[in-house]
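Only one structure is covered here, and it is reproduced in the block below.
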Amino acid sequence: MANTGMQLISFTCAVTGWIMAIAVTALPQWKVSAFIGSNILTSEIKWEGIWMNCIYQTTGHMQCKTYDSLLALPPDIQAARALMCLAIFMGWLSCTVSCCGMKCTTCAGDDRRAKAGIALSGGVLFILTGLCVLIPISWTANTVIQDFYNPNVPLMHKRELGQAIYLGWASRASLTMSYNCLYPCVCWLFLEDTFGLGHF
């Protein structure tokens, strides 16, 4: 059935976005060294994440150190930690709820409206998960860009956007796409039941 196929595509996009959000949370490449000015030739690259700082040397040696104090961290890092952990939990909850609302599962029996409502709830949770990912990613990107163009920040302290930022935006896009695939299926199901339109 076309409706079931769209639900499976939606669920696959959502799970992919959730897994990417987990990877973004763990990766230390939120901010990376900026190679500008006389800082072009360097023997090490600095990565800054929400849990640790890493230094990668051209010899292949990498050393990471977790942050010593939570309260000493800047507000954007503290908020990023909280929101990314919330996103991971909400992503798990969204997957569970969405599974129960899919047509190919036996949860809620044959009650099509109940299944559609459950699926829609899962979709809304995925949108909220994406929002929890988008806020810290965009906040960190804004901080990096402002510091990069601020003439008062020394060159050695300037950073560029790391791979985790781009992966976070991709995660948000995937989570949003999952809702966009799911919502028409649920609306069509409500129209079928309410107005007696033909089934797929």
Side-chain angles (χ1 to χ4, degrees), residues 5-33 45-56 62-102 104-105 107 118-145 159-183 185-186:
M6 286 298 285
Q7 282 186 339
L8 289 173
I9 290 170
S10 169
F11 187 72
T12 303
C13 286
V15 170
T16 302
W18 177 53
I19 291 171
M20 285 193 287
I22 294 171
V24 168
T25 306
L27 284 173
Q29 292 106 334
W30 283 55
K31 303 175 187 178
V32 298
S33 301
I45 301 170
K46 293 181 181 176
W47 297 335
E48 296 177 18
I50 59 175
W51 303 104
M52 66 184 81
N53 283 335
C54 294
I55 297 176
Y56 178 78
M62 186 170 74
Q63 183 177 2
C64 293
K65 182 180 184 298
T66 57
Y67 295 116
D68 294 326
S69 171
L70 172 66
L71 299 176
L73 293 174
D76 60 329
I77 301 289
Q78 292 182 24
R81 281 185 173 188
L83 286 169
M84 291 305 292
C85 289
L86 181 62
I88 290 171
F89 171 74
M90 286 183 65
W92 169 80
L93 186 62
S94 305
C95 288
T96 305
V97 171
S98 294
C99 275
C100 294
M102 292 176 70
C104 57
T105 61
C107 297
I118 293 169
L120 186 61
S121 299
V124 170
L125 284 171
F126 277 123
I127 288 288
L128 294 175
T129 301
L131 191 61
C132 286
V133 172
L134 181 65
I135 291 170
I137 292 294
S138 297
W139 188 356
T140 302
N142 181 53
T143 302
V144 169
I145 292 168
R159 298 289 180 257
E160 291 183 355
L161 302 178
Q163 294 90 334
I165 299 293
Y166 299 108
L167 187 62
W169 282 326
S171 170
R172 162 66 171 157
S174 183
L175 288 164
T176 303
M177 194 183 330
S178 72
Y179 179 78
N180 290 339
C181 291
L182 178 69
Y183 185 69
C185 298
V186 173

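Side chains included, hydrogens not; waters and symmetry mates left out as well; all remaining heavy atoms used.
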Problem set entry | side-chain contact (heavy atoms from CB on, under 4.5 Å) evaluation trace for Ile50 with Tyr67 | CA-CA 9 Å; Ile50 59 175; Tyr67 295 116; 5.7 Å; no
For this session: Evaluate side-chain contact (heavy atoms from CB on, under 4.5 Å) for Ile165 paired with Trp30, printing each intermediate quantity in order.
Result: CA-CA 6 Å; Ile165 299 293; Trp30 283 55; 4.0 Å; yes
Problem set entry | Test side-chain contact (heavy atoms from CB on, under 4.5 Å) applied to Ile137 and Arg172, step by step | CA-CA 10 Å; Ile137 292 294; Arg172 162 66 171 157; over 6 Å; no
Problem set entry | Derivation and outcome, side-chain contact (heavy atoms from CB on, under 4.5 Å), residues Trp18 and Ser174 | CA-CA 9 Å; Trp18 177 53; Ser174 183; over 6 Å; no
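When atom types are taken as modelled, the side chain of Trp47 and the backbone of Met52 share no donor-acceptor pair closer than 3.5 angstrom. Distance alone, capped at 3.5 Å, is enough to place a donor-acceptor pair between the Ser33 side chain and the Lys46 backbone.
In this structure, the side chains of Gln163 and Val32 come closer than 4.5 Å at one or more pairs of heavy atoms. Under the 4.5 Å side-chain criterion, counting only non-hydrogen atoms from C-beta, Leu73 is in contact with Leu70.
In terms of heavy-atom proximity, Ala170 sits nearest to Met20 at O-CE, 3.6 Å. Heavy atoms only, all atoms of each residue included: Gly168 and Val133 are closest at O-CG1, 3.6 Å. Closest of all the heavy-atom pairs between Cys95 and Phe11 is O-CE1, 3.6 Å. Between Phe126 and Gly91, the shortest heavy-atom contact is CE2-O, 4.1 Å. In terms of heavy atoms, Thr25 sits closest to Ala21 at OG1-O, 2.8 Å. The two atoms that bring Met90 and Leu128 nearest to each other are CE-CB, 3.2 Å, heavy atoms only.
Put simply, CG on Leu134 and OG1 on Thr129 are 12.5 Å apart, with the number rounded to the nearest 0.5 Å. Between the CG atom of Leu161 and the OG1 atom of Thr140 there is a distance of 9.5 Å, given to the nearest 0.5 Å. Rounding to the nearest 0.5 Å places CD1 of Ile88 at 14.0 Å from CG of Leu93. For the atom pair Cys85 SG and Ile22 CD1, the distance stands at 11.0 Å (nearest 0.5 Å). Distance CE/Met177 to CD1/Ile9: 11.0 Å, rounded to 0.5 Å. Distance check, rounded to the nearest 0.5 Å: CD1 of Ile135 to CG of Leu86 gives 9.5 Å.
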